[in-house]
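Just so we're on the same page: letters track the sequence lines, and every chain starts at 1.
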2 protein chains.
Amino acid sequence: MQTKSTEDYLKIIYGLGEDRDTVTTSAIAEELRISSPSVSDMIKKLYESQYISYTPYYGVRLTKKGERIALKIIRRHRLLEVFLMKFLNFPWELVHDEAERLEHVISDEFEDRLDALLGWPQYDPHGDPIPTKDGLVEKLEVLRLSDLEVGDRVSITKVTDSRPLLEFIKRMGLGLNHTLAIKTKESFDGSMVIRAGRKDHFVSREVSQNIYVRKVN
Amino acid sequence: MQTKSTEDYLKIIYGLGEDRDTVTTSAIAEELRISSPSVSDMIKKLYESQYISYTPYYGVRLTKKGERIALKIIRRHRLLEVFLMKFLNFPWELVHDEAERLEHVISDEFEDRLDALLGWPQYDPHGDPIPTKDGLVEKLEVLRLSDLEVGDRVSITKVTDSRPLLEFIKRMGLGLNHTLAIKTKESFDGSMVIRAGRKDHFVSREVSQNIYVRKVN
DNA sequence: TTATTATTTTAGGTTAGTCTAAAATAATTA
DNA sequence: TAATTATTTTAGACTAACCTAAAATAATAA
Ligand SMILES: [Mn+2]
Ligand SMILES: [Mn+2]
Ligand SMILES: [Mn+2]
Ligand SMILES: [Mn+2]
């Protein structure tokens, strides 16, 4: 049985490993807000337990065993987020922190029963796919709002699960499955004016890079 | 912010303090399955944090501050138990262990929203009263099945939350609010034959002491 | 290719929460 | 009341998970 810390490390390594291929000590340290020496230490332990493969001074990568655990925790996290929104009416910017703690203490039994209560959902409230019980995750077609051009009409399929971003999107009155059109796009900084419903909004590239969309019409 | 351990100690001390007036090191050690020296150690810390008052070699007692925390955790525990039964359909003998871990990680926000989802319940699945948010607990009239006599008809109002006992009661087809009549009672060991529905059951004093009832008719 | 800079690891330390063995104290029995 | 027994505390140790400061290594720039 792993600890909360182990689980958080593996989960973060999984997340970071989605873009980069090998994950550095400092990337983990930054993500977990833990000092690099501490991370270095923990890496050795994770390596000894065969959760990761590891080349000193180079980086880290999940083993099958490590990935299995990471995906299990991610599954729990996302199921919990769905529950928190659907049953407890938490706003979407708060579910993450709550799930972050609960994910470590629920049993397999709880996980299964919750899954059933929720009707076996496939996505979490931010559009992230929920891994299956045997560790399969849908690989999403990712198209960032920032990559689109003036005139494009799109629907929001996923957003980065970051509290300030979610609050911002909410203030614009937007959310998953909302459609919007791009009215202007500055070439030098990528900022846009988008039209959603009857309102125009200014969004920086910072924001548009973290809103994932699919084209409509 | 207290840790899981602190919370478990305070909760156990509260429970033990309900009968005895002052709680001993060994009682805590036994309940928590931790060695006496460890408990002795922790007692010093709890004392320094002013969660308990304490006389060496004699015993321990919650302060107002300690009791407040204990009741908060008990409140969470019992609310969670209700949720686990009502929404996740856990059997009543399994909810305790699950709640035991969850109680330490939910936020105030979660607690409030859960309370509302459940319709502000007053009792947990074992008949124990749920403390209010400001730390009030109903003091139950306790009448043990073991104290009653042949001919008495009673309704079950509360049972001790212990897995083997709950399984046993369940196997007899009994539960909270079920009525039963006492058919025989041995004076030398207190064992009884009770009639519930169309069936007779043999219950030892061990069991009848842990079933709380109220007389009917 | 050497020097500087950035990253990572090692060394040494801390805190919380546990343990076993031994000493201190209190309670019980003779 | 003295001796024995039971309980509690102290002493000394361990593990997990963190930290800062310093050393080692790798990457980059001169
Ligand atoms: Mn977490
Ligand atoms: Mn999410
Ligand atoms: Mn607990
Ligand atoms: Mn209960």
Side-chain angles (χ1 to χ4, degrees), chain A residues 1-14 16-17 19-62 65-66 69-70 73 100-101 103-105, chain B residues 1-14 16-17 19-62 65-66 69-70 73 100-101 103-105:
Chain A
M1 236 302 114
Q2 332 78 238
T3 64
K4 169 186 143 47
S5 279
T6 305
E7 292 177 346
D8 279 337
Y9 272 87
L10 296 177
K11 198 173 52 142
I12 291 304
I13 293 169
Y14 179 91
L16 291 169
D19 355 73
R20 334 155 210 224
D21 192 66
T22 176
V23 178
T24 65
T25 300
S26 50
I28 300 169
E30 192 179 345
E31 201 77 5
L32 289 174
R33 287 142 205 285
I34 284 175
S35 73
S36 296
S38 300
V39 172
S40 218
D41 236 48
M42 185 57 121
I43 282 175
K44 262 179 271 160
K45 291 181 201 160
L46 296 174
Y47 175 70
E48 276 155 24
S49 306
Q50 296 170 296
Y51 293 136
I52 58 176
S53 61
Y54 149 69
T55 318
Y57 287 100
Y58 176 65
V60 130
R61 163 173 225 170
L62 291 182
K65 186 180 172 196
I69 294 168
I73 302 303
E100 199 58 49
R101 297 185 309 273
E103 64 189 4
H104 306 292
V105 303
Chain B
M1 236 301 114
Q2 332 76 244
T3 64
K4 170 186 143 45
S5 280
T6 304
E7 293 177 346
D8 280 336
Y9 272 88
L10 295 177
K11 197 172 53 139
I12 291 303
I13 292 169
Y14 180 91
L16 292 168
D19 355 74
R20 333 153 213 224
D21 193 66
T22 177
V23 178
T24 65
T25 301
S26 50
I28 300 170
E30 192 180 344
E31 200 78 5
L32 290 174
R33 288 138 204 289
I34 284 174
S35 74
S36 296
S38 301
V39 171
S40 218
D41 237 49
M42 185 56 121
I43 282 175
K44 261 178 271 159
K45 291 180 201 163
L46 295 174
Y47 175 70
E48 277 156 24
S49 307
Q50 295 171 296
Y51 292 136
I52 58 174
S53 60
Y54 149 69
T55 318
Y57 288 100
Y58 177 66
V60 129
R61 164 173 226 170
L62 290 182
K65 185 181 170 193
I69 294 168
I73 302 304
E100 199 57 49
R101 297 186 309 275
E103 64 190 4
H104 306 291
V105 302

Taking side chain as C-beta onward, heavy atoms only, is [X] less than 4.5 Å from [Y]?
X	Y	answer
Val105(B)	Lys4(B)	no
Thr3(A)	Thr6(A)	yes
Val60(A)	Thr25(A)	no
Glu103(A)	Glu100(A)	yes
Glu7(B)	Leu10(B)	no

Rounded distance in Å - [atom1] ([X]) to [atom2] ([N]):
X	N	atom1	atom2	value
Leu32(B)	dC19(C)	CG	P	10 Å
Glu7(A)	dA17(D)	CD	C1'	15 Å
Met42(B)	dT18(C)	CE	C1'	10 Å
Asp8(B)	dA16(C)	CG	C1'	14 Å
Lys4(B)	dA17(D)	NZ	C1'	17 Å
Ile28(B)	dT18(C)	CD1	P	12 Å
Tyr51(B)	dA16(C)	OH	P	12 Å
Leu46(A)	dC18(D)	CG	C1'	14 Å

Nucleotide by nucleotide, nucleotides 2-11 of chain C touches protein heavy atoms under 4.0 Å in the pattern (B base, S sugar-phosphate only, - none) ------BBB-
Inset, instruction - Describe the nucleic acid contact of Ser5(B) in one word from base, sugar-phosphate, nothing, applying a heavy-atom distance below 4.0 Å. - result: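 Answer is sugar-phosphate: Ser5(B) comes under 4.0 Å of backbone atoms only.
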Run the side-chain donor-acceptor check on residues 27-48 of chain A: report pairs under 3.5 Å with partners two or more places apart or on a different chain.
from     : atom 1 : to       : atom 2 : distance (Å)
Ser35(A) : OG     : Ser38(A) : N      : 3.4
Ser35(A) : OG     : Ser38(A) : OG     : 2.9

(request) To the nearest 0.5 Å, tell me how far Ile73(B) CD1 sits from Tyr14(B) OH. (result)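 Reported value, rounded in 0.5 Å steps: 13.5 Å.
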Report task. Nearest 0.5 Å please: distance from the NE2 atom of His104(B) over to the CD atom of Gln2(B). Result ->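 Answer for the NE2-CD pair, His104(B) versus Gln2(B), is 10.5 Å.
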(Q) Angle between the two end axes of the helix from dT1(C)-dA30(D) to dA30(C)-dT1(D), five base pairs per end, rounded to 10 degrees? (A)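 The angle, to the nearest 10 degrees, is 10°.
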Over 12 non-hydrogen atoms of neighbours within 6.0 angstrom of CZ in Arg61(A):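 Atom CZ in Arg61(A) is not crowded, with 12 or fewer foreign heavy atoms closer than 6.0 Å.
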